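What follows is a set of notes on a single structure, which appears directly below.
Note that the structure is a prediction, hence the values are computed from the model and not measured. In what follows, chains are A, B, ... by sequence order, proteins preceding strands, each numbered from 1.
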Amino acid sequence: MEEVDVEPTITNIPAISDGKHMGFAWGPGDILVYETRYKASGSGCSFIHEIRKDEDIYSPILRKLFNESHHIFVGLQTIREDLPSKRDVNAQLVRKNPHSVFYSDIHFITLFSGTILTLICFLLKVSILLAIELIWNLCEVLFIDAAPAGSLLLHLLDWVRLHKADVDEKAREVLQSESPAEHRDYWDVVVSYVLQGRLEEVRQMLVKQANLQPAARSMYKQMDTLLSKMPFYNPGGTQTLTEFDVKWRHWHEEVDRCLQDNSFASNRHLELICKILLGDEDTLLDHKELLGTWYHFLVTRLLFCHPTVKLTELHYYAQSCMTMFLDSRSVPEPLDNILLAAFEFDIHQVIKECSIALNNWWFVAHLTDLLDHCKLLQSHNLHFGSNLREFLLLEYASGLFTHHSLWQLAVDYFDHCPEFGRVYLELQIERVPLETERKALKVLRVCEQRQMSEQVRSICKIMAMRALRNNRLGSALSWSIRAKDAAFATLISERFLQDYCAKGTFSDLDLIDNLGPAMLLSDRLTFLGKYREFHKLYGEKRFREAAKLLLSLMTAKIAPQSFWMTLLTDALPLLEQKEVSHQSYLERRVTAWCCTLFYIIFKSHYSIHCYC
Amino acid sequence: MFVARSIAADHKDLIHDVSYDFHGRRMATCSSDQSVKVWDKSENGEWHCTASWKTHSGSVWRVTWAHPEFGQVLASCSFDRTAAVWEEIVGESNDKQRGLSHWIKRTTLVDSRTSVTDVKFAPKHMGLMLTTCSADGVVRIYEAPDVMNLSQWSLQHEISCKLSCSCISWNPSSSRAHPPMFAVGSDDSNVTYGGKVQIYEYNENTRKYAKAETLMTVTDAVHDIAFAPNLGRSFHVLAIATKDVRIFKLVPMRKESTSTGPTKFEVQIVAQFDNHNSQVWRVSWNITSTLLASSGDDGCVRLWKANYMDNWKCTGILKGDGSPLTGSSGQPSAMSTVLGSSVQSSQNALNGMSAGSQKSQHLTS
């Protein structure tokens, strides 16, 4: 992203003096720094500091957000190419009441938040998330719904109402009081409703006031009539835009006439409402605190001056409204710039401003992905559109990877980055700490599903090595088999055999008995498996089969030299068994010959007395 | 960025190197107090020192971990002209309960006649190979042919670089498209001749390392050098700490079929930053090579990032301010500073939150 305008952030590190050298080491998700002096000696330094980015992927609120957006992201990727319209994309997005994500967490957090500081940080997070929601909804209205004139204003009204629900809080308070019409906030609520175009509510509120002032009844009746007659465009209806426009102008003129006639002159509140209905700028600007923001001012102004506004006309109004609303002293803030860029349809600028303003890549990555899927990035002449999307998704997913469980979400994001997704995944999945066998198996499954054979081998080897160091031979063997590491399997089989020689028994019998075709991985392993089989047969008194097996072990030359003595020792009692002795002459001869052969070779290497 | 945690290192002298293990759960520190300490990270993120022992008879300059495929193995190098290899021994069960482990020396490498300035393991696909470089200008590559017997190491290559060496870096790429390659930096301070960075490449036919490239434009002393993780690119990226931070791109040029010499490279400088004002002592890449960190004479650590269009700029500075360490661990900086007060005004009325929003405005000012 173009970030040329922004100065680098400075983070101060305590306990390191200004001017002393600073050493560092990269870690997963953090960087360690410490005081040092290169090419010099000096007094000891005390501390190593762990520095992290502000992303705070460990926050419980963000956790839920990451999970939900992951769900939406994956759904979006699987939309078929031939689904043409943006509406279909929209249908895929789960448009819940966005506040539901946060409110459940608010109760949880307020119950458990310890310090004020935690609560403040929480509130900051919430305010950022609300801002993100504001931006996201606006992008949906402008870029995805992209409604024609008439409907556009209705969508914008919805957007403002959704993000300015404090009016309802106040209204509830007023209505629940003893005498609502005399409540000090009564007129504020009425005016707020007018500003949001919620004229039904206005009329209901005014009835209460009218009841208190019987003398002014006719004036209130007149206002009520005006309010009830304000035309609102009906997109599903039979009325054309032109017809609506004509009707609206007539109504507008009627309201103007009322004002000129001084119909409401004796009641300043009603006159105020009349002026607002006419879209009088000065009156609107007099009520900045009730409007709250310049974009509310924009939508209200459009509602009462130009309800048939088109998408392409928005930017002109947006810029002038922002200028009028923010007085000369205040500077537009990042959120203002983002919204303005959206109104100006400068998608690239929206993305750029968002990535500067927001610490976490989450929002920008998902927004860009969404716009890319709606084919909006291309249509706005960003010829590197899909690469920008990938760049942002890779950043976001890499950030998730350092978390002990969110890394699993990140995998899906890498899967949908065609250029670099795989290599990023290969690089980062190797680094996932394998604290338990269960976790190792989870990681392995991800690698095996994607045919990442080198990573599979490496992880299995690491686990095998760890098991071996801790003398868990069975575990080490099964990991080596999974790694298809013949050399290591040989090594471990040797250890098994050594153990047997020392103790006279095998450990991990279950594993050795059930090797199956894995036995063929290495000669030594095959020998181990077959030798154990020999023991089983002997134990079951199936001497003939045992003898046959022993013979094959001797002749196959897979027996390690160190084991020949043992094999010989095993052979001797067999020869005395009746069953064996009833074998064919030939077999007996061969058996005897082998024993002799072994004996000779053995004796030539070791000077041991034979007790044959 | 914020300080998440501060660990009391407890070395009696300057720390010269800190090294994370492959999975980021353990760390090793080495110091002028001639010892190495190993730290383990518990599940709640706290660091515990699980071993501390004297390793050399001089300052220990660097410490590095082998890949976990080879077990728990460390290498250290020192002013005492030696490098050593250490292996962790699985201890008695009561040791484990007390959270202690033992490391024993497997071998000492005594070939160098001067201070050994850097020690690095080669990429794991090459086997268990250790590389050292010394002030006497020699790079030595050792191999342990039997991974289960770490006391047997053989000196496979001895490469004379003619200039005093300060740092080495292996190209981490395991792609078959390029042979094994490493870069050596020299801290020789005579600026009349260039070539303070040399690149060596392994030749399958001669079974030796041959010099493939010398970066003649680097004339000042080089203190650190780092190849970036490869990410499937066909070219290599190398960062250098000298009197400034420099990032080079090495593009292999197509070899003729008859050529048996080392690969020829096209060397391009991608970025150069002199923000540290004087000497740059260390450079290092993060795991995905999206961030480069550098440390310099100005006492700062700077973070460099390339944007989508491959333009590099500084995105963060870590600076010592000499303030005393507070007892608590850090909190993220006020995140709303960037979004400003318009956020507060557009905030939904969460009951009774007006007091809260005033407090957060205080933080933003």
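Checked for salt-bridge contact, A:K461 and A:D485 meet the test: a charged N lies under 4.0 Å from a carboxylate O. A salt bridge is defined here as a Lys NZ or Arg NE, NH1 or NH2 lying under 4.0 Å from an Asp or Glu carboxylate O, and A:D168 with A:K170 fails to meet this definition.
Of the candidates B:L318, B:V301, B:L303, B:V283, B:V301 is the only one forming a side-chain contact (heavy atoms from CB on, under 4.5 Å) with A:F24.
The neighbour count for B:F79 CZ, taken as heavy atoms of other residues, nucleotides or ligands under 6.0 Å away, does not exceed 12.
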Are B:Q279 and B:W281 close enough, and set up right, to give a side chain to side chain contact (heavy atoms under 4.5 Å, CB included), and what steps lead you there?
CA-CA 6 Å; B:Q279 298 298 319; B:W281 294 98; 3.8 Å; yes
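With a 4.5 Å cut-off on non-hydrogen atoms, B:H125 does not touch chain A at all. With a 4.5 Å cut-off on non-hydrogen atoms, B:W47 touches chain A through its side chain but not through its backbone. Of the two parts of A:E426, neither the backbone nor the side chain holds a non-hydrogen atom closer than 4.5 Å to a non-hydrogen atom of chain B. For chain A, no part of B:S59 is nearby; none of its heavy atoms comes within less than 4.5 Å. Of the two parts of B:Q72, the backbone and the side chain both hold a non-hydrogen atom closer than 4.5 Å to a non-hydrogen atom of chain A. Only the side chain of B:T290 comes within less than 4.5 Å of a heavy atom in chain A; its backbone stays farther off. The part of B:P229 that comes within reach of chain A is its side chain, from C-beta onward, which places non-hydrogen atoms under 4.5 angstrom from that chain. Neither the backbone nor the side chain of B:D33 comes within contact range of chain A, judged by heavy atoms closer than 4.5 Å. Contacts of A:L394 with chain B are absent, with no heavy-atom separation under 4.5 Å from either backbone or side chain. Looking at B:R25, the atoms closer than 4.5 Å to chain A (heavy atoms on both sides) all sit in the side chain, from C-beta outward.
Under the salt bridge (charged side-chain N to carboxylate O under 4.0 Å, His left out) criterion, the residue pairs touching residues 462-472 of chain A are A:R469-B:E88, with sequence neighbours excluded. Judged as a salt bridge (charged side-chain N to carboxylate O under 4.0 Å, His left out), the pairs with a partner in residues 61-71 of chain B (not counting sequence neighbours) are, in order, A:R457-B:E69, B:R62-B:D118, B:R62-B:D224, B:E69-B:K124.
Among the candidates A:R431, A:M465, A:M22, the residue making the largest number of heavy-atom pairs closer than 4.5 Å to chain B is A:R431.
Under the 30°/60° scheme for interplanar angles, the aromatic rings of A:H49 and A:F47 are found to lie parallel.
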